[in-house]
Protein chains: 2
Amino acid sequence: MARPALARRKVLEAYIDLLCTDGVGSATMEATAARAGVSKGGLLYHFASKESLAQAVIDFSEEVIQEDLRLMDEAPEGAATYYVRTSATVNGEFDRQFIAVQRLAQDGNEAAIAHLGTVQQRWYEMLTKHLGDERIANMVMLIGEGLYTHCAMPGGWYQKNLEGQLGELLELIPELKKLGRDN
Amino acid sequence: MARPALARRKVLEAYIDLLCTDGVGSATMEATAARAGVSKGGLLYHFASKESLAQAVIDFSEEVIQEDLRLMDEAPEGAATYYVRTSATVNGEFDRQFIAVQRLAQDGNEAAIAHLGTVQQRWYEMLTKHLGDERIANMVMLIGEGLYTHCAMPGGWYQKNLEGQLGELLELIPELKKLGRDN
DNA sequence: GTCTATAGATAGATAGAC
DNA sequence: GTCTATCTATCTATAGAC
């Protein structure tokens, strides 16, 4: 860990980039090498197989998620609002690797599916802790998931029609919290 | 239209099935032919290219969505509850082809992205009509989108942890409607 | 209308030079 | 540590028999 080779980092970023923008079908090792500016052989020195490339995305995601959970726990705006807000920031540091893992999972990668499961479990526990109601936590988590799905679609409907409504959506999140306590 | 060849229908079903369960990477024409019980040549008689196979999924989706919108508009439980409830029924008639289109869109298929856009626009308008508040419609749509994403993940977290909570989630949807009118 | 055989392209992965 | 060259498998698509 500590300070990985620069080329290795560039290859990983390129692979994540391709997964997010073009999907698993286009994220080949050849295309990844080209985008990273290295040859296929150069890529294979750092990642011996496509599976190890996928695992690197998952490992990177685990690092990022731990930091994300810490920020979420301490967010002044509240954990739920933080969660929804960051779910909609497509180009953020956190989101790209998360979308990449999601794409891998949707393509049947078992390690990615298992990792996503632990991430969702931790988000759910964090939201329940802060919202005090499992049903509301469930709902907020689905809203975030929906935002991810929308935002991860290049040229999709959300980016053209709902971008301006994010502020209004965020204002409603604290209202949801009240809804939970009333019942 | 009217009554398409049985083999053609079987091939289309097989392709949708593979897209949903194994993802775009595994949904090859060869695998599709095998699952449909025909040869590669037999498949290519009905669908001259992979693109035309994808287009057939989109066309089928358009048929199904029109019926879905009609049922949504007339649902006794309310359009929003109907929308969320059917978003969570993975094995339903409506959902499989929708998830398949989503997978195609996430792999960069332009026709699928455009179709998804029109579907989401119509759902949004229907929800706004019934909820009377665009912000709440927005939120409900994201909840449904989140449910789709969760449910479409074979072996994913939702199917193990939230299935029993669907009833509670559905109970909260009418509460959201009140939330909209209060503000 | 469905099949076999096969062409042509591209994927993932190996070997070895530098 | 990065490259070129190459192997093998698999994919999409075509040609033509039945």
Side-chain angles (χ1 to χ4, degrees), chain A residues 1-59 100 103-112, chain B residues 1-59 100 103-112:
Chain A
M1 209 162 289
R3 189 55 49 187
L6 185 64
R8 187 189 149 95
R9 180 58 167 253
K10 266 168 53 185
V11 168
L12 183 56
E13 294 284 355
Y15 185 53
I16 290 173
D17 206 36
L18 281 170
L19 280 175
C20 293
T21 55
D22 298 337
V24 279
S26 303
T28 66
M29 299 185 86
E30 196 155 16
T32 302
R35 174 161 302 206
V38 299
S39 68
K40 226 196 295 197
L43 182 154
L44 283 159
Y45 170 77
H46 295 289
F47 302 97
S49 70
K50 200 172 190 186
E51 181 60 32
S52 80
L53 197 47
Q55 188 59 50
V57 176
I58 295 167
D59 293 342
R103 293 278 153 88
L104 291 171
Q106 285 167 345
D107 200 52
N109 184 303
E110 292 295 335
Chain B
M1 209 160 287
R3 189 54 51 185
L6 185 63
R8 186 189 149 97
R9 180 59 167 253
K10 267 168 52 184
V11 168
L12 183 56
E13 295 283 354
Y15 185 54
I16 291 173
D17 205 37
L18 281 170
L19 279 176
C20 292
T21 56
D22 298 336
V24 279
S26 303
T28 65
M29 298 186 88
E30 194 155 18
T32 302
R35 173 159 303 205
V38 299
S39 71
K40 228 196 293 196
L43 182 152
L44 282 159
Y45 171 75
H46 295 288
F47 302 96
S49 69
K50 200 171 191 188
E51 181 61 32
S52 79
L53 196 47
Q55 189 58 50
V57 176
I58 295 168
D59 292 343
R103 293 278 153 88
L104 291 171
Q106 285 165 346
D107 201 51
N109 184 303
E110 293 295 335

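In what follows, chains carry the letters A, B, and so on, assigned in the order in which the sequence lines appear, proteins first and then strands, with residues in each chain numbered from 1. Remember, predicted model here, so these are calculated numbers, not experimental data.
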With a 3.5 Å cut-off and sequence neighbours excluded, list the donor-acceptor pairs that the side chains of residues 18-26 of chain A form with protein atoms.
| residue | atom | partner | partner atom | Å |
| --- | --- | --- | --- | --- |
| A/T21 | OG1 | A/D17 | O | 2.8 |

Please report the C-alpha distance between A/L53 and A/V57 in whole Å, then the side-chain angles of each, then the deciding distance to 0.1 Å, and finally whether the side chain to side chain contact (heavy atoms under 4.5 Å, CB included) criterion is met. CA-CA 7 Å; A/L53 197 47; A/V57 176; 5.7 Å; no
Measure across A/A36 and A/K10 and return the closest heavy-atom pair with its distance rounded to 0.1 Å. O-CE, 3.2 Å
A/S52 meets the side chain to side chain contact (heavy atoms under 4.5 Å, CB included) criterion, sequence neighbours left out, with A/F47, A/S49
Please identify the 5'-most and 3'-most nucleotides of DNA chain D with any atom under 4.0 angstrom from a heavy atom of chain B. D/dC11 to D/dT14
Hits for salt bridge (charged side-chain N to carboxylate O under 4.0 Å, His left out) against A/E51, two or more places apart or cross-chain, chain-then-number order -> none
For B/A112, enumerate each residue passing the side chain to side chain contact (heavy atoms under 4.5 Å, CB included) test, keeping only those at least two apart in sequence or located in another chain. B/I58, B/V101, B/L104, B/A105, B/N109
Please write out the pairs of protein N or O atoms and N or O atoms of nucleotides 9-11 of chain C separated by less than 3.5 Å, giving the distance to one decimal.
| residue | atom | partner | partner atom | Å |
| --- | --- | --- | --- | --- |
| C/dA11 | OP2 | A/E30 | OE1 | 2.9 |

What pair of heavy atoms forms the shortest contact from B/A33 to B/L43, and how long is it? N-CD1, 3.6 Å
